[in-house]
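Naming: A, B, ... by sequence-line order, numbering from 1 per chain. Because the structure is predicted, anything quoted here is derived from the model rather than measured.
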There are 2 protein chains.
Amino acid sequence: MSSGPRQGPYICGIDAAMDVITGKWKSLILWELDHGTRRFSALRRGLPGVSEKMLVQHLREMEVDGLVHREVFREVPPRVEYSLTEAGAALNAALAPLGAWGTDRIKRIGAPMVAPHTTP
Amino acid sequence: MSSGPRQGPYICGIDAAMDVITGKWKSLILWELDHGTRRFSALRRGLPGVSEKMLVQHLREMEVDGLVHREVFREVPPRVEYSLTEAGAALNAALAPLGAWGTDRIKRIGAPMVAPHTTP
DNA sequence: CGGTATCCCACTGGATACTG
DNA sequence: CAGTATCCAGTGGGATACCG
């Protein structure tokens, strides 16, 4: 069951890009990491509703696909830091117009936003 | 079940945009229609591998979401033409940078492309 | 803290056959 | 021509429990 990076065959560039960001949380992970390096638990807090399993799974796929860099510090307690690669940062930048269109659509149809942080 | 347009709640603009283009063929449909008005059968030919069911289903969802316009001509034989709405055209434009990134990625990793048109 | 390992269900999408 | 109607397999993703 899967392993290496996704590698087509593709119909076009959109196809290849979508292949790599399809997944409920991937674009949000990209966005979170664009603010800077984040630890696993920080990402969890920034992505309200994500399960550990999905977060790990998406991060692994994005690592394999060359979008995120994963650095393990063998300390006690363990620490792992995630950051964007160049390709990941470029992808995030390429997503900006799409995000702008989406924001516009939200306004047009008056769609609700989820509460950013349901605090604690 | 289902029916009305997708309407969140959303986490951000990307979330809203992805909600509307998720589906194996939607971005390709957008691309096809950006070239101009297309009939159902022309779209099928332009999307090698799509099934009738999926094409209809995606077109209906995109119509409901306000991305494509569907015009029925009650003739014999029946004719139906699809075209982009303003929102659909704007979305397609917003996808351009993503497509460029994807094309770049295809080159970087040397991913194969599917044969554009297996003719007949 | 930062994960693995299972189980399970809903949904996506493909194949095929039929229709106005 | 432009769809509907079914059936069915694969996968995405949530819940829960356990581990170094």
Participant: Does OP1 or OP2 of D:dG13 have a side-chain N or O of A:His58 closer than 4.0 Å?
Facilitator: yes
Participant: Return whichever of B:Arg79 or A:Ser51 has its heavy-atom-nearest nucleotide of DNA chain D closer to the 5' end.
Facilitator: B:Arg79
Participant: A:Leu59 has an atom CG; how far is it from atom P of D:dG13, in whole Å?
Facilitator: 14 Å
Participant: Rounded to the nearest Å, what distance is computed from the CG atom of residue A:Leu47 to the P atom of nucleotide D:dG13?
Facilitator: 13 Å
Participant: Measure from CD on A:Glu75 to P on C:dG3 and round the result to the nearest Å.
Facilitator: 13 Å
Participant: May I ask you to say what A:Arg60 touches in the nucleic acid, namely base, sugar-phosphate or nothing, with a heavy-atom cut-off under 4.0 Å?
Facilitator: sugar-phosphate
Participant: Where do A:Pro97 and B:Pro97 come nearest, in terms of heavy atoms and distance?
Facilitator: CG-CG, 3.6 Å
Participant: Where the side chain of A:Asp65 meets the backbone of A:Arg6, is there a donor-acceptor pair that is under 3.5 Å apart?
Facilitator: yes
Participant: Quick one: label B:Arg74 by what it contacts on the DNA or RNA (base, sugar-phosphate, nothing), any heavy atom closer than 4.0 Å.
Facilitator: nothing
Participant: Going hydrophobic residue to hydrophobic residue with side-chain gaps under 4.5 angstrom, can you get from A:Met18 over to A:Val20?
Facilitator: yes
Participant: Counting only side-chain nitrogens and oxygens, does B:Tyr82 get under 4.0 Å of the OP1 or OP2 atom of D:dC1?
Facilitator: no
Participant: Within this structure, what is the CD-to-C1' distance between B:Gln57 and D:dT4, rounded to whole angstrom?
Facilitator: 12 Å
Participant: Just by modelled atom types, is the A:Ala87 backbone N or O under 3.5 Å from a matching donor or acceptor in the B:Trp101 side chain?
Facilitator: yes
Participant: Got a second to check how far B:Asp15's CG is from A:Trp25's CH2, nearest 0.5 Å?
Facilitator: 8.5 Å
Participant: Counting any heavy atom closer than 4.0 Å, what does A:Arg44 reach on the DNA or RNA strands: base, sugar-phosphate only, or nothing?
Facilitator: nothing
Participant: With distance as the sole test, does B:Thr85 use its side chain to make a donor-acceptor pair with the main-chain N or O of B:Gly66 at under 3.5 Å?
Facilitator: yes
Participant: Expressed as a whole number of angstroms, how long is the span from B:Asp19:CG to C:dT12:P?
Facilitator: 10 Å
Participant: Looking at CG of A:Leu59 and CD1 of A:Ile29, how far apart are the two atoms once the value is rounded to the nearest 0.5 Å?
Facilitator: 4.5 Å
Participant: Reading DNA chain D from 5' onward, which residue's closest nucleotide shows up sooner: A:Gly49 or A:Glu52?
Facilitator: A:Gly49
Participant: To the nearest 0.5 Å, what is the distance between CG on B:Leu91 and CZ on A:Arg105?
Facilitator: 9.5 Å
Participant: Using whole Å, what does the distance between atom C1' of nucleotide D:dA2 and atom CD of B:Glu71 come to?
Facilitator: 15 Å
Participant: For A:Phe73, which contact category applies under a 4.0 Å heavy-atom criterion: base, sugar-phosphate, or nothing?
Facilitator: nothing
Participant: What parts of residues 27-43 of chain A reach DNA chain C, counting only heavy atoms under 4.0 Å away?
Facilitator: A:Arg39, A:Phe40, A:Ser41
Participant: Nearest to the side chain of A:Pro78, which nucleotide is it out of D:dG3, C:dG13, C:dG2?
Facilitator: C:dG2
Participant: Over how many whole Å does the gap from A:Lys24 atom NZ to D:dA15 atom C1' extend?
Facilitator: 13 Å
Participant: Please state whether the phosphate of D:dA2, meaning OP1 or OP2, lies under 4.0 angstrom from any side-chain nitrogen or oxygen of B:Arg45.
Facilitator: no
Participant: In whole angstroms, how far is the C1' atom of C:dG2 from the CD atom of A:Glu81?
Facilitator: 13 Å
